[in-house]
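First the structure, in the form of C-alpha cells, and then the observations on it.
None of these values were measured; they are calculated from a predicted model. All chains are named by letter (A, B, ...) in the order of the sequence lines, taking the proteins before the strands, and each is independently numbered beginning at 1.
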Protein chains: 2
Amino acid sequence: MSKQALPVVDLEAVACCAPIAVRPMDDDQAAVVAPMFKALGDPVRLRLMSMIASVPEICVCDLTPAFDLSGPTISHHLKVLRDAGLVDSERRGTWVWYRVRPEAFRQLGALLDVPSAAQATG
Amino acid sequence: MSKQALPVVDLEAVACCAPIAVRPMDDDQAAVVAPMFKALGDPVRLRLMSMIASVPEICVCDLTPAFDLSGPTISHHLKVLRDAGLVDSERRGTWVWYRVRPEAFRQLGALLDVPSAAQATG
DNA sequence: CGCCTAGGTTGACAGATTTCGAAACAGCGG
DNA sequence: CCGCTGTTTCGAAATCTGTCAACCTAGGCG
C-alpha cells in the first residue's frame with residue numbers, strides 16, 4: 001500500500017474552483033471530480049468512508065465485520081475509494097490501516113458549499 | 001412535471017445526521033444519501049447540476065446545447081437528478097425549468113463538513 | 001375544431017461498466 | 001514451514017449509458 005505512484009486524481013485541478021452553486025463546472029473539472037462523487041455513490045462505500053472519516057485511522061479488520069460482504073468485496077470498495085483519492089492506506093505489520101485524505105475530502109465539501117447569497121445574486 | 005407524488009428521497013431522514021467525519025453513517029442513512037452522491041458521480045450530471053445550481057432556474061433548452069448528447073440522454077440524466085431529490089422541475093408553457101432543491105443540496109454539503117477538530121479528538 | 005411544429009419525456013434496446021464471491025496470490029509473524 | 005490479513009484475478013449477474021422511435025403537451029394557424 002501507500003504505493004501512490006500516480007495519484008489517479010489530480011487534486012490540484014480541484015483546488016482551483018468555486019462551489020458549483022456559484023459557477024458552472026467546466027468539462028475538465030467535472031471529469032476529475034465526478035469519480036469522487038461516484039466513489040461515495042454506493043451505500044457500502046459511503047459507510048466505509050464515514051467509518052474511516054470519523055476516526056484518525058482504522059484497520060481493515062475492523063471494517064470488514066461491519067458488513068455482510070466478503071473480504072474481497074470490501075477490498076474492492078476500498079480500492080475504489082483509494083483510486084478516487086479519498087483515502088490512503090498503509091500496511092503496518094500484519095494489518096492495513098486506512099485514513100482519509102483531508103485535502104480531497106475538504107475540497108469535495110467546498111464544492112457543495114452554499115455561499116448563502118448565490119441564489120440572490122444570480 | 002412537479003408531480004412530486006412521492007419524493008423518492010426522504011429528506012427528513014437526512015436532516016437528522018452529523019457530518020460523516022464526526023460519526024459513522026448507519027445503514028439506513030447511507031441508503032438514502034448514496035443515491036444523491038451517485039447522481040453526482042457522472043461528469044454529465046455533475047455539470048448539469050452545477051449549471052442548475054449556479055442560477056435561480058434554467059430551461060432544458062439551455063442545458064441540452066451545452067453537451068454533445070441527444071435530447072433523450074440529457075432528459076434521462078435530469079431524471080436521475082430528480083429521483084435523487086437534488087433538483088425539481090416545472091413546466092411553464094412550452095418549456096421545462098429546473099432548479100435545485102436547496103435542502104437536499106445543503107444537507108449533502110453538511111455531510112462533508114469537517115468540524116476542524118474531528119481528527120484531533122479521536 | 002383539426003392540423004402542424006417544437007420542446008421534453010418515456011420505452012426498448014445494444015454495448016459498456018459495476019458488483020460480488022471463489023480461488024489464487026502476496027506480505028508478515030511465529 | 002504454517003496460519004493470518006488483505007489484495008488481485010477471473011467470471012457471472014446486474015446495472016448504467018446513450019441512441020432511436022414513439023409519445024405527450026403547448027402553441028400557432030386556418
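- Between B:Asp68 atom CG and D:dG18 atom P the separation is 11 Å, expressed in whole Å.
- Listed for the A:Ser50 side chain is a donor-acceptor partner under 3.5 Å among the backbone atoms of B:Met25.
- One N or O on the side chain of A:Thr64 and one on the backbone of A:Val60 form a donor-acceptor pair closer than 3.5 Å.
- One donor-acceptor pair, N or O on each side, does fall under 3.5 Å between the base of C:dG21 and the side chain of A:His76.
- In this structure, A:Phe67 atom CZ and C:dT19 atom P are separated by 14 Å, rounded to whole Å.
- A straight line from CG of B:Leu78 to P of C:dT10 spans 11 Å, rounded to a whole angstrom.
- Here C:dT9 is the nucleotide among D:dT5, D:dT7, C:dT9 with the atom lying nearest to any side-chain atom of B:Val96.
- Using a 4.5 Å cut-off between side-chain heavy atoms of Ile, Leu, Val, Met, Phe, Trp and Tyr, with links allowed through other members, A:Val44 and B:Phe37 fall into the same hydrophobic cluster.
- Atom OH in A:Tyr98 sits about 8 Å away from atom C1' in D:dG6, given to the nearest Å.
- Residue B:Thr73 has a polar side-chain atom (N or O) positioned under 4.0 Å from OP1 or OP2 of D:dT19.
- If you check every strand for non-hydrogen atoms under 4.0 Å, B:Leu69 touches sugar and phosphate atoms only.
- When the side chain to side chain donor-acceptor pair (under 3.5 Å) test is applied to B:Thr94, no partner is found at least two apart in sequence or on another chain.
- Distance A:Trp97 CH2 to C:dC28 C1': 15 Å, rounded to the nearest Å.
- Atom NZ in B:Lys79 sits about 9 Å away from atom C1' in C:dT9, given to the nearest Å.
- Within residues 40-49 of chain A, the residues that place at least one heavy atom under 4.0 Å from DNA chain C are, in residue-number order, A:Asp42, A:Arg45.
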Protein and nucleotides 23-26 of chain D: nitrogen or oxygen contacts under 3.5 angstrom:
from: D:dT25; atom 1: O2; to: B:Arg91; atom 2: NH2; distance (Å): 3.4

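- With sequence neighbours excluded, the residues forming a side chain to side chain contact (heavy atoms under 4.5 Å, CB included) with B:Cys61 are B:Cys59, B:Trp95, listed by chain and number.
- Spacing between atom CD of A:Glu90 and atom P of D:dT7 amounts to 13 Å, rounded to whole angstrom units.
- Computed from coordinates, the B:Lys38 NZ to C:dT19 C1' distance equals 10 Å when rounded to whole Å.
- Note on A:Lys38 versus B:Asp42: no salt bridge recorded, every NZ/NE/NH1/NH2 to OD/OE distance being 4.0 Å or above.
- Take B:Asp28 and apply the salt bridge (Lys or Arg N to Asp or Glu O under 4.0 Å) test, not counting sequence neighbours, and it matches no residue.
- For B:His77, the side chain to side chain donor-acceptor pair (under 3.5 Å) test picks out B:Arg45, with sequence neighbours left out.
- Of the candidates D:dG6, D:dT17, C:dT10, the closest approach to any side-chain atom of B:His77 belongs to D:dT17.
- Side chain of B:Thr73 to main chain of B:Leu69: no donor-acceptor pair is present (N/O by atom type, distance under 3.5 Å, no hydrogens or angles).
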